[in-house]
Protein chains: 2
Amino acid sequence: MNKTDEWLECLQSNGYRITAPRRVVIETMAQSQHVLNPFDVYEQARQRYPRLGLVTVYRTLEKLEELHLIQRVHQPGGCQAFIGAFSGHQHLLICVKCGRVEFFEGDENGIAELIDTISKKSGYKVKEHWLQLFGLCNQCQAEIA
Amino acid sequence: MNKTDEWLECLQSNGYRITAPRRVVIETMAQSQHVLNPFDVYEQARQRYPRLGLVTVYRTLEKLEELHLIQRVHQPGGCQAFIGAFSGHQHLLICVKCGRVEFFEGDENGIAELIDTISKKSGYKVKEHWLQLFGLCNQCQAEIA
DNA sequence: TTTTATGCAAAGTATTTGCACGGGA
DNA sequence: TCCCGTGCAAATACTTTGCATAAAA
């Protein structure tokens, strides 16, 4: 089963209805390798379903985030961008030029150790962590050269 | 020399003028241990300088960020918040309840190694990285208990 | 048939810009 | 004095809400 169908099923099993607008938003997000903001999604999805409203995009992204199917991506220039989430904790590698995103399994041991050390030192109860790398993807490096 | 004066001097040596509004914004930011958004800064700084305009806060924060005296903090709930920057690369530990921030020197070797591995694997040219931990500070843990 | 979801329009926030005046150097 | 910086007001951008209609189950 592909990602789109999985997401649709997840929506449905959480009591949400499957509709044409939701389908195109989900297809857009599920297939994208790039960070997309709500307007990006709107523009892309409208190519297949022109009646789509921007409000519906906002509302659908909200639900997908709530179901952990997508995650917010924070970038130096702003944070209202999203990318599909993977199950399990994943770290991000983001191309600052084109928005392409790769996921990588962090060196979880090393990071867990680090977090442990920091917790002890600071007294904080650490609940979440983010590791994001920014750089240029292969393609963008080639274009610049 | 304290942080406020250092920042003022930095502004000046970069061709910017020192004014009363800038002074209070800088004092507010330089002294805060908490993540502050532009409106927070406005409210706090206005206690000492009531004529201050919100627009000036935006413009001053912009300059401080440009001079790397403050840095943007990205949180699950939004990103338009700032905290004083330290020299050298620092990682953040943020209290999700009160906004208090601690800096820590990452295990730079471990992270550098990780970044190196990821670069080789992905082909990306990594230029920047963020590591942010979220949790509860000592005080907020006590309040909840 | 019943209830949820949609899209429009409007409202609400957040941020930026234009401009005449005021204050730093 | 000269020019940069300020604050107000307005413009713009972004996001959310109200509501009548349309569509899913």
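The sequence lines fix the lettering, A, B, ..., with proteins before strands; numbering per chain opens at 1.
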Please state how far atom CZ in R51(A) lies from atom P in dT21(D), giving the value in whole angstrom units. 15 Å
Within this structure, what is the OH-to-P distance between Y42(B) and dT6(D), rounded to whole angstrom? 14 Å
OP1 or OP2 of dT6(C) under 4.0 Å from side-chain N/O of T19(A): yes
Atom CZ of F39(A) and atom C1' of dT15(D): how far apart are they, to the nearest Å? 14 Å
Given 3.5 Å as the limit, does a donor-acceptor pair link the side chain of N14(B) with the main chain of L11(B), or not? no
Between P21(B) and V55(B), which has a closest nucleotide on DNA chain D that is more 5'? P21(B)
In Å, rounded to the nearest 0.5 Å, how long is the span from CD1 of I70(B) to CG of L61(B)? 4.5 Å
Can a side-chain donor-acceptor contact be found between Y49(B) and E27(B) if the only test is distance below 3.5 angstrom? no
Side chain of L52(B): nearest nucleotide among dT15(D), dG7(D), dG5(D)? dG7(D)
Nearest-angstrom distance from the residue atom CZ of R46(A) to P of dT6(C): 16 Å
Expressed in angstrom and rounded to an integer, what is the separation of Y49(B) atom OH from dG5(D) atom P? 14 Å
Send over the distance from R59(B) CZ to dG7(D) P, rounded to a whole Å. 8 Å
May I ask you to decide if L136(A)'s main-chain N or O and Q141(A)'s side chain share a donor-acceptor pair within less than 3.5 Å? yes
When you measure from the side-chain N and O atoms of Q12(B) to the phosphate of dA25(C), is any distance below 4.0 Å, counting only OP1 and OP2? yes
Establish, with yes or no, whether the OP1 or OP2 oxygen of dG5(D) is under 4.0 angstrom from a side-chain nitrogen or oxygen of T56(B). no
OH of Y58(A) versus P of dT13(C): gap in Å, rounded? 16 Å
Atom pair distance, as rounded to whole Å: CZ in R17(A) and C1' in dT1(C): 11 Å
